[in-house]
A.B. asks: 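I am attaching a structure below and will ask some questions about it afterwards.
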Amino acid sequence: DGGITQSPKYLFRKEGQNVTLSCEQNLNHDAMYWYRQDPGQGLRLIYYSQIVNDFQKGDIAEGYSVSREKKESFPLTVTSAQKNPTAFYLCASSIDLGTREQFFGPGTRLTVL
Amino acid sequence: GNSVTQMEGPVTLSEEAFLTINCTYTATGYPSLFWYVQYPGEGLQLLLKATKADDKGSNKGFEATYRKETTSFHLEKGSVQVSDSAVYFCALSDPGNTDKLIFGTGTRLQVFP
């Protein structure tokens, strides 16, 4: 089955540690996205990538970093510079034409202790 | 700039009641419009979409019509079920930057038996 996988589902880290969230897709989509969702809130765009080896900052990129070395993979690193990293993180992908409909992964809930 | 405005929730209904969740948008061009649904602890799933004025998107008993004259895309269902309880997000593709979706803040629906 084609889709987007995010791992792990739940992640716990100590304050001051960097942590990397995984996102893999086998939909052959060119574009990939990372969003942050806080309780009771909407989605905020962190980073997005239209093509391998290229990515752009979204609305809240500070304290985060990404890479796009392969079309299928778009890992997100939450660095120690992110002041309030505890949140639900969603990865999405879309085909690079048409309506830009996005397909979402199941999300990773990060808790920083 | 482009934006999406949704009615605030929660919307609380009894089973078999009629549902309307309002969504209006501001866009400079001709966006595509989407409704996504998010069940607790999960990612977003596309519920329906419409790509041009007067299009009606429909899925699982839900409908929404792209109204350019009122810049609206209201979500409706004739008879809700307990299993419809979720958060619903209205979104548009940004015609100035087709790599992004712009999301509303989400509306929580609670359906009681």
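Every heavy atom of this structure was used, including side-chain atoms; hydrogens, water molecules and symmetry mates were not. Reminder, nothing fancy here: chain letters follow the sequence lines and each chain counts from 1.
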A.B. asks: Membership question, hydrophobic clusters at under 4.5 Å side-chain separation (ILVMFWY): are F104(A) and Y89(A) in the same one?
C.D. replies: no
A.B. asks: How about Y36(B) and Q102(A): do any of their side-chain heavy atoms sit closer than 4.5 Å?
C.D. replies: yes
A.B. asks: Side chain, backbone, both or neither: which part of Q6(A) has a non-hydrogen atom closer than 4.5 Å to chain B?
C.D. replies: neither
A.B. asks: Could you have a look at K9(A), R44(A), Q41(A), Q37(A) and say which one has the most heavy-atom pairs with chain B under 4.5 angstrom?
C.D. replies: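 With the most close heavy-atom pairs to chain B, the winner is Q37(A).
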A.B. asks: Between atom CG of L101(B) and atom OH of Y35(A), what is the distance when rounded to the nearest 0.5 Å?
C.D. replies: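 Answer rounded to 0.5 Å: 5.0 Å.
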A.B. asks: Should the heavy atoms of other residues, nucleotides or ligands under 6.0 Å from CD of E69(A) be counted, would the total exceed 12?
C.D. replies: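 It does not: E69(A) CD has 12 such atoms or fewer within range.
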A.B. asks: So L43(A) and F89(B), do their side chains get closer than 4.5 Å, heavy atoms only?
C.D. replies: yes
A.B. asks: With a 4.5 Å cut-off on side-chain heavy-atom distances among I, L, V, M, F, W and Y, is there a chain of contacts connecting L48(B) to Y39(B)?
C.D. replies: yes
A.B. asks: For L44(B), is it the side chain, the backbone, both or neither that has a heavy atom under 4.5 Å from a heavy atom of chain A?
C.D. replies: both
A.B. asks: With the side chain counted from C-beta on, respond yes when F34(B) and E101(A) share a heavy-atom pair under 4.5 Å apart, and no when they do not.
C.D. replies: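 With C-beta onward as the side chain, the pair touches.
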A.B. asks: Please check if the number of heavy atoms outside Q110(B) that lie under 6.0 Å from its CD is greater than 12.
C.D. replies: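 Enclosed: over 12 neighbouring heavy atoms sit under 6.0 Å from CD of Q110(B).
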A.B. asks: Considering only heavy atoms, which portion of Q38(B) lies under 4.5 Å from any heavy atom of chain A: side chain, backbone, both, or neither?
C.D. replies: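 Side chain only.
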A.B. asks: Kindly check if the number of other-residue, nucleotide or ligand heavy atoms within 6.0 Å of NZ (K14(A)) is above 12?
C.D. replies: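 12 or below, so no.
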A.B. asks: Take a 6.0 Å sphere around CD of Q17(A) and say whether it holds more than 12 heavy atoms from other residues, nucleotides or ligands.
C.D. replies: yes
